[in-house]
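The structure appears below as structure tokens.
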Amino acid sequence: MPEGTRTWIEDLSQHVGEDVVLLGWVRHHRSSGKLHFLEIRDGTGNVQAVVKKGVASDEALEAAASVGIESSVEVHGSVKAHARREGEVEVAVAELRILAPTVEDYPLGKKEHGTGFLMDNRHLWLRSSRPWAVMRIRAEVIRACRAHLDGLGFVGVDAPILGSAAAEGTATLFPVEYYDDQVYLSQTGQLHMEAAAQALGRVYCLGPTFRAEKSKTRRHLTEFWMLEPEIAFAHLDDAMDLMESLVASVLASVLERCRPELEVLERDARKLEAAASTPYPRLTYDEALARLEGTEAAIPWGEDFGAPQEDALSSLFDTPVLVHRYPAAVKAFYMRPDPERPEVALGCDMIAPEGYGEIVGGGERNGDLAFLERRIEEEGLPPAAYEWYLDLRRYGACASAGFGLGLERTIAWICGLAHVREAIAFPRTMSRTSP
RNA sequence: UCCCCGAUAGCUCAGCUGGUAGAGCGGCGGACUGUUAAUCCGUAGGUCACAGGUUCGAUCCCUGUUCGGGGAGCCA
């Protein structure tokens with residue numbers, strides 16, 4: 001039987017009464033004497049294959065009796081309504097061929113496993129239903145992000161991975177040998193997006209970024225993906241409008257197209273529905289502080305938010321909340337100070353509900369050449385590496401605004417995951433670079 | 001960098017006051033023609049992370065090390 005004639009499991013309901021060929025893996029095996037139930041998985045879905053004496057060939061019965069979990073198989077049979085479950089289909093097997101048997105015990109069982117064990121076996125764990133659902137939602141989040149920005153006229157521009165300088169200090173960079181020199185893995189595409197915005201107007205990049213922070217928490221990876229839009233001649237409000245409409249459209253897309261995946265994850269979609277439409281609440285740093293006053297998360301003016309502040313604030317709303325105009329001293333040097341209040345920066349963070357933390361950070365860029373030169377010196381950054389960036393101020397400087405959206409944190413929130421490492425196929429953390 | 005927790009069968013764990021170890025799942029063998037984490041019977045499987053110390057005797061108490069997990073700071 002040539003492979004071209006195979007049917008994907010997700011399409012089976014359109015083939016009731018027909019003979020089909022499935023190619024997949026045996027996910028689960030139950031038997032009752034001469035009657036075998038094989039759960040077949042092909043990446044698009046699962047279906048029960050029933051191997052019954054009198055219907056299946058003797059060879060098929062023999063194969064069903066001996067087949068190990070996760071063996072790859074070719075199944076020939078007819079599609080029927082499930083004998084016990086309303087609305088489902090099953091396959092009455094005529095022929096079953098083991099293409100490649102599982103040669104050792106499959107490490108993953110039906111019962112619970114610890115995190116370390118699952119992560120060691122991430123290459124196999126991906127086959128399980130939860131990672132399956134998360135990866136499909138991740139793909140939808142990325143598709144929706146691009147669709148939203150492309151639809152607004154943004155141009156996708158890819159930022160480099162290798163670079164010679166840090167945007168926010170050098171302590172958290174991964175050095176890489178580069179011929180006789182040393183370069184670093186990129187921790188943001190923002191500076192390059194500013195250059196691209198001056199060439200193309202509205203741009204975004206989507207790619208991996210790297211931070212050598214010694215963080216071992218549920219919100220941190222050393223390699224994570226960011227979506228970074230940047231708009232020329234734009235201000236803080238433009239950035240806030242965009243981050244809000246972007247996140248809302250992503251939520252709407254996931255809710256529309258990924259219901260089965262959310263069900264697999266047992267994610268209560270009702271908790272996401274409010275976030276699928278705008279507006280989201282917007283608080284200044286001062287207003288946010290006032291909201292925290294009298295709670296355990298209260299902090300004095302001038303201090304940056306930590307996890308307790310983010311969690312306390314997010315618990316007040318059922319949508320993400322935008323906090324803007326933080327004290328300039330706690331934000332990156334490239335942020336523009338508020339001309340009406342220089343002690344605060346025209347920056348904004350979006351904090352996800354349910355304690356998922358900061359998923360977006362951004363704002364208006366600082367266009368003041370002399371100020372940037374001074375701050376680069378103050379931060380001890382290598383001036384030569386920033387010459388090209390300062391050129392953006394020398395030749396037709398413009399107001400510029402943008403932000404970075406952390407994909408894994410966003411996906412972790414949407415999927416209700418306990419840790420961002422489940423939001424990416426092959427996570428990289430302080431203690432894990434394999435598989 | 002700091003704080004907390006953990007390491008016992010392939011996996012998840014229990015193991016009392018110190019006397020050389022158990023369960024469930026998985027594996028293997030068997031029974032079963034409608035199962036859904038199937039069920040039932042049988043069975044194999046252990047350098048109790050590593051190195052010291054205390055003790056007649058240490059999985060257990062103490063010290064150190066390694067590895068893992070969670071959190072703080074920092075960040076998306």
Side-chain angles (χ1 to χ4, degrees), chain A residues 27-39 46-56 61 64-66 68-70 80 82-85 88 90 92 102 104-121 124-125 128-129 166-169 171-173 187-190 206 208-228 243 247 303-308 310-311 330-332 349-352 356-362 403-413 418-421 423-424 429-432:
Chain A
R27 192 165 173 260
H28 196 53
H29 177 210
R30 294 175 288 273
S31 86
S32 174
K34 296 293 169 280
L35 181 62
H36 299 272
F37 301 94
L38 304 181
E39 211 172 309
N46 306 313
V47 70
Q48 176 166 275
V50 183
V51 187
K52 190 187 281 191
K53 197 172 186 179
V55 179
L61 279 164
S66 69
I69 297 300
E70 290 297 326
K80 304 163 66 167
H82 196 292
R84 291 284 182 277
R85 290 192 173 181
E88 284 185 30
E90 63 182 19
T102 291
E104 287 179 40
D105 295 346
Y106 189 65
L108 270 47
K110 280 167 295 204
K111 282 225 172 174
E112 281 174 55
H113 293 291
T115 304
F117 179 78
L118 287 172
M119 278 300 163
D120 287 344
N121 289 284
L124 301 175
W125 185 25
S128 303
S129 55
E168 304 169 14
T172 59
L173 289 167
Q187 56 182 186
T188 173
Q190 183 209 310
L206 172 60
T209 53
F210 306 86
R211 303 221 177 148
E213 292 159 2
K214 292 190 173 170
S215 303
K216 307 194 312 177
T217 82
R218 71 183 67 187
R219 308 207 254 234
H220 288 86
L221 297 168
T222 52
E223 177 181 317
F224 68 98
W225 283 58
M226 264 208 298
L227 175 76
E228 294 180 278
M243 66 177 76
V247 172
E303 238 173 69
D304 200 4
F305 282 14
E310 289 182 0
D311 292 351
V330 302
K331 287 294 171 182
D349 290 345
M350 183 187 288
I351 300 166
Y356 281 93
E358 184 185 342
I359 55 173
V360 179
F403 58 85
L405 176 140
L407 264 188
E408 287 76 20
R409 286 190 184 172
T410 303
I411 293 161
W413 160 47
H419 196 301
V420 289
R421 69 185 152 215
I424 186 167
T429 64
M430 271 182 79
S431 58
R432 216 168 276 281

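Computed from a predicted model, the values in this text were never measured in an experiment. These numbers come from the heavy atoms of this one structure, side chains and all, not from hydrogens, waters or symmetry mates. Residue numbering restarts at 1 for every chain, and letters A, B, ... go by the order of the sequence lines.
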Taking atom [atom1] in both [N] and [M], compute the distance separating them and give it to the nearest angstrom.
N     : M     : atom1 : value
B/U54 : B/G68 : C1'   : 29 Å
B/U20 : B/A9  : C1'   : 16 Å
B/G71 : B/U17 : P     : 32 Å
B/A58 : B/G52 : C1'   : 13 Å
B/C60 : B/G18 : C1'   : 6 Å

What does [X] touch in the nucleic acid at a heavy-atom separation under 4.0 angstrom: a base, only the sugar-phosphate, or nothing?
X        : answer
A/Gly116 : nothing
A/Gln48  : base
A/Asp349 : nothing
A/Arg432 : sugar-phosphate
A/Val420 : nothing
A/His36  : nothing
A/Glu228 : nothing
A/Phe117 : sugar-phosphate

Identify, with sequence neighbours excluded, every residue that meets salt bridge (charged side-chain N to carboxylate O under 4.0 Å, His left out) alongside [X].
X        : value
A/Asp304 : none
A/Lys52  : none
A/Arg27  : A/Glu39

Quiz item: According to the Watson-Crick and G-U wobble definition with distances under 3.5 Å, which dot-bracket string, read 5' to 3', encodes RNA chain B, using [ ] for crossing pairs and | for pairs with another strand?
Solution: (((((((..((((.....[..)))).(((((.......))))).....(((((..]....))))))))))))....
Could you check if a side-chain atom of [X] sits within less than 4.5 angstrom of a side-chain atom of [Y], using non-hydrogen atoms only?
X        : Y        : value
A/Thr115 : A/Arg421 : yes
A/Val420 : A/Phe224 : no
A/Leu407 : A/Ile424 : no
A/Arg211 : A/Leu221 : no
A/Met350 : A/Thr410 : no

Atom [atom1] of [X] and atom [atom2] of [N]: how far apart are they, to the nearest Å?
X        : N     : atom1 : atom2 : result
A/Arg219 : B/G71 : CZ    : C1'   : 10 Å
A/Leu108 : B/C11 : CG    : P     : 11 Å
A/Leu35  : B/U36 : CG    : P     : 12 Å
A/His29  : B/G34 : NE2   : C1'   : 14 Å
A/Glu213 : B/U1  : CD    : C1'   : 14 Å
A/Phe210 : B/A76 : CZ    : P     : 16 Å
A/Glu70  : B/C11 : CD    : C1'   : 16 Å
A/Arg30  : B/U35 : CZ    : C1'   : 5 Å

Hey, does the side-chain of [X] have a donor or acceptor N/O within less than 3.5 Å of a partner on the base of [N]?
X        : N     : result
A/His113 : B/C11 : no
A/Lys52  : B/G34 : yes
A/Ser215 : B/G73 : yes

Quiz item: With centres under 5.5 Å and planes under 30°, do A/Phe224 and B/A76 count as stacked?
Solution: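 A/Phe224 ring centre within cut-off of B/A76 base, planes near parallel; stacks.
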Of the nucleotides [options], which has the atom closest to the [X] side chain?
X        : options             : result
A/Arg211 : B/G73, B/C75, B/U35 : B/C75
A/His82  : B/G34, B/G70, B/U12 : B/G34
A/Glu310 : B/U1, B/C75, B/A76  : B/C75
A/Lys216 : B/G34, B/G71, B/A76 : B/G71

Quiz item: Quick one: what's the B/S/- string for nucleotides 23-32 of chain B, heavy-atom cutoff under 4.0 Å, read 5' to 3'?
Solution: -SSSS----B
Practice problem: Quick one: classify the glycosidic conformation of B/U20 as syn or anti, with syn meaning within 90° of 0. | Solution: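 Because its glycosidic torsion lies within 90° of 0, B/U20 adopts the syn conformation.
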Self-check item: A/Arg218 side chain near B/A72 phosphate (N/O to OP1/OP2, under 4.0 Å)
Solution: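 No, outside the criterion.
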Practice problem: State whether A/Arg409 places a side-chain N or O below 4.0 Å from either non-bridging phosphate oxygen (OP1 or OP2) of B/C75. | Solution: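 No, outside the criterion.
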Self-check item: Non-hydrogen atoms of A/His29 and A/Ile69 that approach each other most closely
Solution: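 Shortest heavy-atom contact: N-CD1, 3.9 Å.
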Quiz item: What are the two closest non-hydrogen atoms of A/Tyr356 and A/Ala412, and how far apart are they?
Solution: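 That closest heavy-atom pairing would be CE2-O, 3.4 Å.
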Quiz item: On RNA chain B, nearest-nucleotide positions of A/Phe305 versus A/Thr429: which is more 5'?
Solution: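 Closer to the 5' end of RNA chain B: A/Thr429.
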Quiz prompt | Residue met sooner reading RNA chain B from 5', once A/Val330 and A/Lys80 are mapped to nucleotides | solution =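 In this pair, the answer is A/Lys80.
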Quiz item: Run the salt bridge (Lys or Arg N to Asp or Glu O under 4.0 Å) check on A/Arg219 and A/Asp311 step by step: do they pass?
Solution: CA-CA 13 Å; A/Arg219 308 207 254 234; A/Asp311 292 351; 3.5 Å; yes
Quiz prompt | ring pair (Phe, Tyr, Trp, His ring centres under 6.0 Å) involving A/Phe305 - partner list, sequence neighbours excluded | solution =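 Testing A/Phe305 for ring pair (Phe, Tyr, Trp, His ring centres under 6.0 Å), a comparison that skips the adjacent residues, returns A/Tyr285, A/Tyr326.
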